[in-house]
Amino acid sequence: MTITERTELIRRFADDFTALQEAVLARMNGICAPETAAALEHASLAGPVTVALAHADVLARGAVRRAELSAQPPERLRRLRAHARKVRRARSQAEVGYKEQRARRLAGRSRPVDMLELRVARMASPDAFAEALRQELRDRGLPDGTPQAPESDLAQWAWDRKTACDELPAPVGELRDCDDDAFVQALLRDAREEENPYLPHDAVAERWSRHARAALAWGRYAIAQAERDVLACSLSIRHTRLDVLDDAYQDTAVLAARSREALLRVTELHDRMQACVTAGPFAELIAQCRAAALARFADGEREVWYGVRELTVRHQAHCPERADGCPHCHRALVTLLTDPHPANTEEEGDGEDPTATTLADGDRYAMLADLPDTAVVAVADAAVGDESALCGYGWAAEDGTTGYGDSVASSSGEAEVIGICAAALSLLEYHEDAPVVLLCDSTQAVEAVNTALRSADPTAAHRTLLFPESRQLMDRLLRHRHRHRVQVRWLKGHIGHDLNETADAFASLALRRVNGQIPSSAARKEEARILRSLGSGAGPLSVVA
């Protein structure tokens, strides 16, 4: 094949998504023509190949799910599962290959290294240095309040200056200025109706990447709703509803591909921004601003600056990398500056955290020592699936009460919040006046629920809660007349805590049940086995199905 022919083939793959995906899958299966395989290795296709495989991955898992729900012959199901595993491996390998290719591309770029004193000062006293930089920028007539940080926002400012003369197309301006919900709806229309050519624009690429995950979650939500409809009817009449499930997987495959495309676009944008601000007049201006900010910092924070200066001078006298500006030394120096007398781990043994050892060896309920004897303590947990937004949750209390159920969640954090709220609402109804303490091994969920409880505002948790089901559950908890009795605390997961293991087992059971992976009779037996392992029986409450 001539160079011209190969160039034409590369251009075709770049422009024709279907042709690219067919070629990528053919290569995966070992039936790809040599000239096609060679074209796919071109650096310009490293990113698009990951997009094609993101799309193929969702479709392959959708084919497996349809076969499972339509009682296909075991041999066909095995083939579909093997294909899905192969696509998943190819996708992972392609993403690793893209990262390596990008690293090679950036390796040749020389990025100026700030002086060591500046890096140490900025890290040791970030707020004080940021204020000094703001004052410097303000005195230079730059927009007040920007940048807020000396790295990302100053680069963004320079990029904005570079592109300020570009007139935005009206559709790009609309995407930039609409609220978040409207933007996610635009992403859903992009996947389900017609591709939006304005999403890759520099002015909205970062927003596209930020919200692509939410749009993808709504795709998984549609899969979950379709799965429930399929499982609600008998095998003999599932055909039409399986077609709806296929449609949901098709839409979600496009959302997955566009999400990957958004990530590639914003990565390329950041690379161009860095190239802009690390060379030429912008680089010189940024260096001047930072140097002047350091001088302001030294005047305003004399004690800290004296420590920074003394430490860096002493370090640079002996550092083997001093000729290169000690590019990797500032983090260790900040540690010395903020903790001048670190513990000698060699003298104290094997370096284990003594606090962690004490807690592990002591009473595992020590975290509850401040609670009254009347407190009801329970652990909540959740399990999420890979293909759809269906999730299971479970909880178990010290008094033997337990519960589990299923819902839909965009993330594991949202599923954990559902478990916490469901447990709290149940326990509040059955325990009068007693404090209700919920333990959970998800810090995201604990923070979301506690923030909402403190503010008595369900919108405080909306960053974690995307779907209406979880938001309605949170709203019910906050409107409960006894919500003031609820506390939520973090518990390290999978450390042998009986209640945590029980809650985890119930969550897994709930997910398998809603996915149709376990029949009702087997689910009841599994439920009984979990309760026996807890050693408490069903307690005063029956298990909530």
Side-chain angles (χ1 to χ4, degrees), residues 179-185 210-211 213-214 217-218 221 367-382 384 389 391-399 401-493 499-500 503 507 541 544:
D179 62 32
D180 288 348
D181 289 340
F183 193 87
V184 171
Q185 289 301 314
R210 280 199 310 273
H211 291 289
R213 181 172 296 183
W218 282 109
Y221 183 89
M367 69 184 79
L368 308 177
D370 61 320
L371 297 177
D373 294 338
T374 57
V376 180
V377 179
V379 178
D381 208 346
V384 295
C391 71
Y393 63 85
W395 56 271
E398 284 186 328
D399 64 357
T401 58
T402 55
Y404 71 96
D406 58 77
S407 187
V408 285
S410 62
S411 65
S412 59
E414 184 167 10
E416 298 277 4
V417 170
I418 290 170
I420 292 171
C421 291
L425 288 166
S426 295
L427 292 171
L428 285 174
E429 292 301 316
Y430 285 92
H431 294 277
E432 294 184 1
D433 302 324
V436 174
V437 181
L438 273 300
L439 306 179
C440 178
D441 60 11
S442 167
T443 55
Q444 179 188 14
V446 170
E447 181 179 355
V449 178
N450 279 331
T451 300
L453 287 171
R454 284 194 299 268
S455 64
D457 180 7
T459 61
H462 280 189
R463 177 171 294 183
T464 303
L465 306 181
L466 181 64
F467 296 151
E469 289 82 353
S470 58
R471 293 185 175 188
Q472 290 166 9
L473 196 61
M474 174 65 78
D475 189 52
R476 281 180 54 203
L477 176 60
L478 297 186
R479 287 189 286 105
H480 197 285
R481 65 186 185 282
H482 295 310
R483 67 174 176 80
H484 62 278
R485 293 198 276 118
V486 177
Q487 296 183 37
V488 185
R489 301 187 182 188
W490 179 77
L491 170 73
K492 185 175 182 179
L499 297 181
N500 191 29
L541 289 181
V544 180

May I ask you to decide if [Y]'s main-chain N or O and [X]'s side chain share a donor-acceptor pair within less than 3.5 Å?
| X | Y | answer |
| --- | --- | --- |
| Glu414 | Leu466 | yes |
| Arg489 | Leu439 | no |
| Arg483 | Leu478 | yes |

ask   = Going by the ring pair (Phe, Tyr, Trp, His ring centres under 6.0 Å) test, which pairs reach into residues 437-476, not counting sequence neighbours?
value = Trp218-Phe467, Tyr221-Phe467
Can you see which heavy atom on [X] is nearest to which on [Y], and at what distance?
| X | Y | value |
| --- | --- | --- |
| Ala409 | Ala415 | CB-N, 3.5 Å |
| Ser442 | Gly413 | OG-CA, 4.3 Å |
| Asp381 | Ala507 | O-CB, 3.8 Å |
| Val384 | Ser411 | CG1-O, 4.0 Å |
| Ala460 | Ser455 | CB-OG, 3.6 Å |

request  = Answer yes or no: does atom CZ of Arg213 have more than 12 heavy-atom neighbours from other residues, nucleotides or ligands under 6.0 Å?
outcome  = no
Euclidean distance, [Y] [atom2] relative to [X] [atom1], rounded to 0.5 Å:
| X | Y | atom1 | atom2 | answer |
| --- | --- | --- | --- | --- |
| Arg210 | Asp180 | CZ | CG | 7.5 Å |
| Ile418 | Gln472 | CD1 | CD | 11.0 Å |
| Ile420 | Leu473 | CD1 | CG | 10.5 Å |
| Arg481 | Leu428 | CZ | CG | 9.0 Å |
| Cys421 | Leu438 | SG | CG | 8.5 Å |
| Tyr404 | Trp395 | OH | CH2 | 12.5 Å |

inquiry  = One pair to check against side-chain contact (heavy atoms from CB on, under 4.5 Å): Val436 and His482. What are the steps and the verdict?
reply    = CA-CA 10 Å; Val436 174; His482 295 310; over 6 Å; no
Check against side-chain contact (heavy atoms from CB on, under 4.5 Å), Glu416 and Asp441 = CA-CA 9 Å; Glu416 298 277 4; Asp441 60 11; 3.6 Å; yes
request  = Sequence neighbours left out, what pairs pass salt bridge (Lys or Arg N to Asp or Glu O under 4.0 Å) with at least one residue falling in residues 451-476?
outcome  = Asp475-Arg479
task = Would you check if His480 and Val486 make a side-chain contact, meaning some heavy-atom pair closer than 4.5 Å?
result = no
ask   = Under a 4.5 Å cut-off applied to non-hydrogen side-chain atoms, are Val376 and Tyr430 in contact?
value = no
message = Val449 vs Met474, test: side-chain contact (heavy atoms from CB on, under 4.5 Å). Steps then yes/no.
response = CA-CA 8 Å; Val449 178; Met474 174 65 78; 4.0 Å; yes
ask   = Residues in side chain to side chain contact (heavy atoms under 4.5 Å, CB included) with Glu447, at least two apart?
value = Thr451
